[in-house]
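Below is one structure; the comments refer to it alone.
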Amino acid sequence: MATALDIEQLAHFLSSCNATSRRHIGHCGQDEQEIKSTLRQKFSDLPFEKSMIIALENEQIVAAIGLDFDEDDQSAEVWGPFVQNEVTEVLLPEMWMMLCHQLPMPLKHPQFFINVENEVAIAFTKNVGAKMRGHHYILHKDRQNHKFKSTEEILQLDPANVEAFQNLHDLAFPGTYYNAQTILSRLNENQVVFCYCDNEGLKGYVYVEADAENGEGTIEYIAVDGRFRKQGIGRKLLLRGLDFLFTYNSITVISLTVQKNESGAIQLYRSAGFNIVHELVFMK
């Protein structure tokens with residue numbers, strides 16, 4: 001099992017694997033410092049030593065599998081499998097069994113997010129019983145390609161529009177990971193809801209989160225009232241969210257994940273300057 005002493009070397013190994021489509025895993029990023037920070041601070045509900053297994057050859061990591069474990073439902077986002085080359089893939093079945101065996105509770109719902117070109121990882125997940133659940137794109141937008149375009153109609157959420165925001169969010173995203181009340185409890189100077197409002201009231205919103213320390217910016221939610229779609233409101237909201245995130249000097253790239261069949265959302269993101277950089281399969 002990996003230990004805290006392995007984190008520096010592990011972050012470098014994972015970053016180098018994710019730089020190549022044939023080794024790329026979607027649950028893990030590519031920036032070495034970001035990976036290191038995640039492993040140290042917020043990787044799993046379980047201790048790090050229970051959540052990550054590595055294989056070493058001549059004191060160098062050649063394979064790794066991690067579990068970002070959620071104790072509430074005993075699910076895990078699987079970081080991996082990562083392998084240096086085809087030779088080391090023979091280690092994966094034994095590593096998986098060892099990793100699952102030492103868990104303090106059963107792993108019921110492992111979830112894999114794998115680049116379509118990563119044939120080794122896809123074959124491994126099929127061998128452990130995972131089934132295909134969907135195809136996704138990862139899109140990126142660079143700060144250097146962004147032009148600030150904030151408009152007067154889009155302002156931060158104010159008390160007068162809280163109820164309309166709650167109604168729209170819970171209608172657009174029922175059963176999602178953050179309900180409207182949770183978002184309201186998270187709001188601060190780095191986590192902001194922007195709303196498109198006019199004399200007819202709130203027509204749409206975007207919720208964004210900035211993590212300046214780790215150089216991460218995310219578009220968590222964006223929704224437009226069904227009565228006012230196809231009026232360019234979604235694009236204006238998206239650009240306002242990007243304007244906010246790119247005011248942080250440490251944030252240079254924004255990433256989004258979208259299902260491959262959501263053509264409308266993909267068209268919206270591409271109109272705002274996002275480019276498709278990876279296609280991934282979701283397996284469970």
Side-chain angles (χ1 to χ4, degrees), residues 2-19 24-52 54 61 64 66-71 76-80 82 113 138-148 150 156-157 176-178 182-194 205-222 237-258 269 272-275 277-278:
T3 72
L5 296 175
D6 298 312
I7 285 180
E8 292 274 346
Q9 186 182 0
L10 179 59
H12 179 75
F13 174 72
L14 300 185
S15 174
S16 63
C17 287
N18 259 11
H24 178 250
I25 299 294
H27 285 317
C28 176
Q30 187 175 330
D31 182 81
E32 187 171 335
Q33 294 302 315
E34 177 187 329
I35 295 171
K36 193 185 306 180
S37 174
T38 299
L39 292 175
R40 284 178 171 159
Q41 298 175 17
K42 52 183 179 181
F43 178 59
S44 171
D45 286 352
L46 302 178
F48 180 71
E49 292 77 8
K50 296 284 187 181
S51 304
M52 179 73 66
I54 58 177
I61 298 175
L67 298 174
D68 185 355
F69 198 91
D70 185 334
E71 289 184 305
E77 293 182 350
V78 182
W79 279 38
F82 292 97
F113 204 35
I138 292 181
L139 300 92
H140 284 182
K141 180 177 174 69
D142 297 326
R143 168 204 288 278
Q144 62 188 16
N145 297 325
H146 180 68
K147 296 180 180 179
F148 287 78
S150 294
Q156 288 194 37
L157 179 67
T176 188
Y177 55 97
Y178 291 159
T182 300
I183 292 176
L184 292 171
S185 70
R186 293 174 64 84
L187 296 182
N188 57 41
E189 62 181 8
N190 301 315
Q191 299 172 176
V192 180
V193 170
F194 293 102
Y205 76 91
V206 60
Y207 172 53
V208 298
E209 293 190 354
D211 180 354
E213 182 178 351
N214 294 306
E216 296 178 12
T218 55
I219 308 286
E220 294 286 345
Y221 294 99
I222 182 168
L237 286 163
L238 180 57
L239 291 171
R240 181 65 184 92
L242 292 171
D243 282 355
F244 172 78
L245 295 173
F246 282 134
T247 60
Y248 293 80
N249 293 330
S250 61
I251 298 176
T252 57
V253 178
I254 306 295
S255 296
L256 288 169
T257 302
V258 62
Y269 297 136
F274 281 86
N275 295 309
V277 293
H278 294 294

Under the side chain to side chain contact (heavy atoms under 4.5 Å, CB included) rule, what do D211 and N190 come out as? Steps first, then yes or no, please.
CA-CA 7 Å; D211 180 354; N190 301 315; over 6 Å; no
Could you please spell out the steps behind the side chain to side chain contact (heavy atoms under 4.5 Å, CB included) verdict for L39 and M52?
CA-CA 10 Å; L39 292 175; M52 179 73 66; 4.1 Å; yes
Check for a donor-acceptor pair, side chain of [X] on one end and backbone N or O of [Y] on the other, with a separation under 3.5 Å.
X    : Y    : result
S185 : T182 : yes
N145 : G273 : no
S250 : A212 : yes

Are [X] and [Y] packed together at the side-chain level, in the sense that at least one heavy-atom pair is separated by less than 4.5 angstrom?
X    : Y    : value
V78  : I25  : no
H24  : I138 : yes
E220 : I183 : no

Taking every non-hydrogen atom, the tightest pair across [X] and [Y]:
X    : Y    : result
E189 : Y248 : O-OH, 3.4 Å
L239 : A272 : CD2-CB, 4.0 Å
N18  : G29  : ND2-O, 2.9 Å
L10  : A64  : CD1-CB, 4.0 Å

Drop me the distance from [X]'s [atom1] to [Y]'s [atom2], to the nearest 0.5 angstrom.
X    : Y    : atom1 : atom2 : result
L139 : I254 : CG    : CD1   : 12.5 Å
L14  : I35  : CG    : CD1   : 5.5 Å
Y269 : I222 : OH    : CD1   : 6.0 Å
E216 : L245 : CD    : CG    : 11.5 Å
L67  : E77  : CG    : CD    : 11.0 Å
T218 : Y207 : OG1   : OH    : 7.5 Å

State which residues pass salt bridge (Lys or Arg N to Asp or Glu O under 4.0 Å) with E209; sequence neighbours excluded, sorted by chain then number.
R186
Please name all residues satisfying salt bridge (Lys or Arg N to Asp or Glu O under 4.0 Å) with K36, sequence neighbours left out, ordered by chain then number.
E8
Among all residues two or more places apart in sequence or in another chain, which pass the side-chain contact (heavy atoms from CB on, under 4.5 Å) test with [X]?
X   : result
D31 : Q33, E34
A19 : Q30
S44 : L46, S51, D68, F69
D70 : D45, D72, D73, S75

Partners meeting ring-ring contact (aromatic ring centres under 6.0 Å, His included) with [X] (sequence neighbours left out):
X    : answer
F43  : W79
H146 : F148, F246
F113 : H27, H136
Y205 : F165, H169

Just jot down the side-chain hydrogen bond (donor to acceptor under 3.5 Å, both in side chains) partners of S255, sequence neighbours excluded, or say none.
H140
Mind checking what makes side-chain hydrogen bond (donor to acceptor under 3.5 Å, both in side chains) contact with T176, not counting sequence neighbours?
Y221
One pair to check against side chain to side chain contact (heavy atoms under 4.5 Å, CB included): F13 and I54. What are the steps and the verdict?
CA-CA 10 Å; F13 174 72; I54 58 177; over 6 Å; no
Would F244 and Q156 satisfy side chain to side chain contact (heavy atoms under 4.5 Å, CB included), going step by step from the backbone distance to the final call?
CA-CA 11 Å; F244 172 78; Q156 288 194 37; 5.5 Å; no
